[in-house]
Amino acid sequence: MLELTSATPFFEDSDLPPVPVNLRLMPGECMVIETRDMTRATMFADLCSGLVPVSSGTVRMAGLDWASLDSRRSNALRGRIGRITRRASWTSLFGVHVELMLRELHHTTRSIEDITSETLRISERFGLPGIPVDTARQLSYSDLARAECVRAFMGSPDLLLLADPLEGGTVDLSTPFLESLTEARDRGAAALWFVRDASVWQACRDTINAQWRLADDGLITVRMR
């Protein structure tokens, strides 16, 4: 589902260390990447999404090399990625409900009724009383954290790039997050889960396929503990 082969990012474009990265993530797998710098994690997720150019090597999703795709095809492929970022981006132009549904509205031919039904189901799973229709600035931090998870899991994405939503929050999202992650993997989605603290994922360590660390010297494998 995701393969980085000697992929060396341009430091000027990403602040990532300009060293080759090798990673292979198969359908259904979940890899944990520990890092103290969540900004760096965001840039690494951008690299995996074809948003950060590489000076050498390749980055492929579903066998497709991001560098070989035109903008239309690359945007369509990004429509198959669900993301949680440390600093979520929300527009003030529309209610949050529009952004929760936007990926499916833009990239699929699903009916609005079908998309609305899924949005409601996932919103309720993450503890929202319904689909939030206020703008992001009108929602509490806790409800925005819930909405960020809803947006990530909407539409059965093939690849999940998840900055840990469980650390330091004002609301416990562990049960719905792990349930949604398990369901996604069961249907073949692959996931990279970025964490600061190893204790966050220890409860489900038996289901994690590999552990990595993202640091100044690049991405290094860590013995599972």
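In this structure, L219 CG and L4 CG are separated by 8.5 Å, a value rounded to the nearest 0.5 Å. Rounded to the nearest 0.5 Å, atoms CG (L166) and CG (D197) are 11.0 Å apart. M1 CE to R24 CZ: the interatomic distance, rounded to the nearest 0.5 Å, is 12.0 Å. Note: R83 CZ to S89 OG = 10.5 Å, rounded to the nearest 0.5 Å. Atom CD1 of I131 is separated from atom CZ of R121 by 11.5 Å, given to the nearest 0.5 angstrom. Here OG1 of T108 is found 8.5 Å from CZ of R80. Values are rounded to the nearest 0.5 Å.
In this structure, the side chains of F94 and T135 stay at 4.5 Å or more apart for every pair of heavy atoms. Looking only at side-chain heavy atoms (C-beta outward), P132 and S123 come within less than 4.5 Å of each other. Put simply, the side chain of W201 reaches to within 4.5 Å of the side chain of I208, judged on heavy atoms. A heavy-atom distance below 4.5 Å is not found between the side chains of E34 and V222. Under the 4.5 Å side-chain criterion, counting only non-hydrogen atoms from C-beta, P9 is in contact with L47. Looking only at side-chain heavy atoms (C-beta outward), L173 and R146 come within less than 4.5 Å of each other. Counting heavy atoms from C-beta outward, V150 and E124 have side chains that stay 4.5 Å or more apart. Using a 4.5 Å cut-off on side-chain heavy atoms (C-beta onward), V96 and D134 make no contact.
Two different hydrophobic clusters hold I122 and V133 under the rule that ILVMFWY side chains link at heavy-atom gaps under 4.5 Å. Under the 4.5 Å side-chain heavy-atom criterion for ILVMFWY residues, no single connected hydrophobic cluster contains both I220 and L214. Each of F153 and L25 belongs to its own hydrophobic cluster when Ile, Leu, Val, Met, Phe, Trp and Tyr are linked at side-chain heavy-atom distances under 4.5 angstrom. Hydrophobic clustering places L159 together with L69 (ILVMFWY residues linked when any side-chain heavy atoms are closer than 4.5 Å, directly or through intermediates). The hydrophobic clustering, which links ILVMFWY residues whose side-chain heavy atoms are closer than 4.5 Å, places L128 and L178 together.
In terms of heavy atoms, L160 sits closest to A184 at CD1-CB, 3.8 Å. Listed here is the closest heavy atom pair of V54 and A7: CG1-CB, 4.1 Å. Taking both residues in full, the closest heavy atoms of M154 and T119 are given as CE-OG1, 3.3 Å, listed atom of the first, atom of the second, then distance. What you find for A152 and I84 is that their closest heavy atoms are CB-CG1, 3.5 Å. The nearest pair of heavy atoms linking L181 to C30 is CD2-SG, 4.2 Å. Considering every non-hydrogen atom in both P17 and A215, the closest pair reads CG-O, 3.6 Å.
Between F44 and F194, the two ring planes are perpendicular [angle over 60°; tilted spans 30° to 60°].
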*Apply the test side chain to side chain donor-acceptor pair (under 3.5 Å) to residues T35 and D37: give CA-CA distance (whole Å), side-chain angles for both, the deciding distance (0.1 Å), then the verdict.*
CA-CA 5 Å; T35 179; D37 186 347; 5.9 Å; no
*Can L2 and L192 be said to form a side chain to side chain contact (heavy atoms under 4.5 Å, CB included), step by step?*
CA-CA 10 Å; L2 177 67; L192 289 183; 3.8 Å; yes
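Judged by distance alone, with hydrogens and angles left aside, the side-chain atoms of S55 form a donor-acceptor pair with the main-chain N or O of T8 at under 3.5 Å. The backbone N or O of L100 lies less than 3.5 Å from no partner atom in the side chain of R151, so there is not a single donor-acceptor pair. Panel note: side chain R196, backbone R36; a donor-acceptor pair is recorded below 3.5 Å. Checking side-chain atoms of D143 against main-chain N and O of L139 turns up no donor-acceptor pair under 3.5 Å. The backbone N or O of C204 lies less than 3.5 Å from a partner atom in the side chain of T207, making a donor-acceptor pair. Remark: the backbone N or O of V52 is not paired with any side-chain donor or acceptor of D46 at under 3.5 angstrom. The closest donor-acceptor contact from the side chain of R78 to the backbone of S49 lies under 3.5 Å. Judged by distance alone, the side chain of E99 and the main-chain N or O of T91 form a donor-acceptor pair under 3.5 Å.
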Under 3.5 Å, which donor-acceptor pairs link side chains of residues 58-66 to any protein atom two or more places apart or in another chain?
from: T58; atom 1: OG1; to: R60; atom 2: NH1; distance (Å): 3.0
from: D65; atom 1: OD1; to: A67; atom 2: N; distance (Å): 3.0
from: W66; atom 1: NE1; to: C48; atom 2: O; distance (Å): 2.9

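For the residue pair R125/S180, the side-chain donor-acceptor check at 3.5 Å is satisfied. For the residue pair T116 / E113, no side-chain donor-acceptor distance below 3.5 Å is found, with atom types taken as modelled.
More than 12 heavy atoms of other residues, nucleotides or ligands lie within 6.0 Å of CZ in F10, so this atom counts as buried by the packing criterion. Annotation: R72, atom CZ; neighbour count of heavy atoms from other residues, nucleotides and ligands within 6.0 Å does not exceed 12.
With sequence neighbours left out, the side-chain contact (heavy atoms from CB on, under 4.5 Å) criterion links T221 to W212. Residues that satisfy the side-chain contact (heavy atoms from CB on, under 4.5 Å) test with A163, not counting sequence neighbours, are M38.
D216 has a carboxylate O that lies under 4.0 Å from a charged side-chain N of R40, or vice versa, which qualifies the two as a salt bridge. The residues R185 and E29 are annotated as not salt-bridged, no charged nitrogen and carboxylate oxygen being separated by less than 4.0 angstrom. Using a 4.0 Å cut-off between charged side-chain N and carboxylate O, E118 and R110 make a salt bridge.
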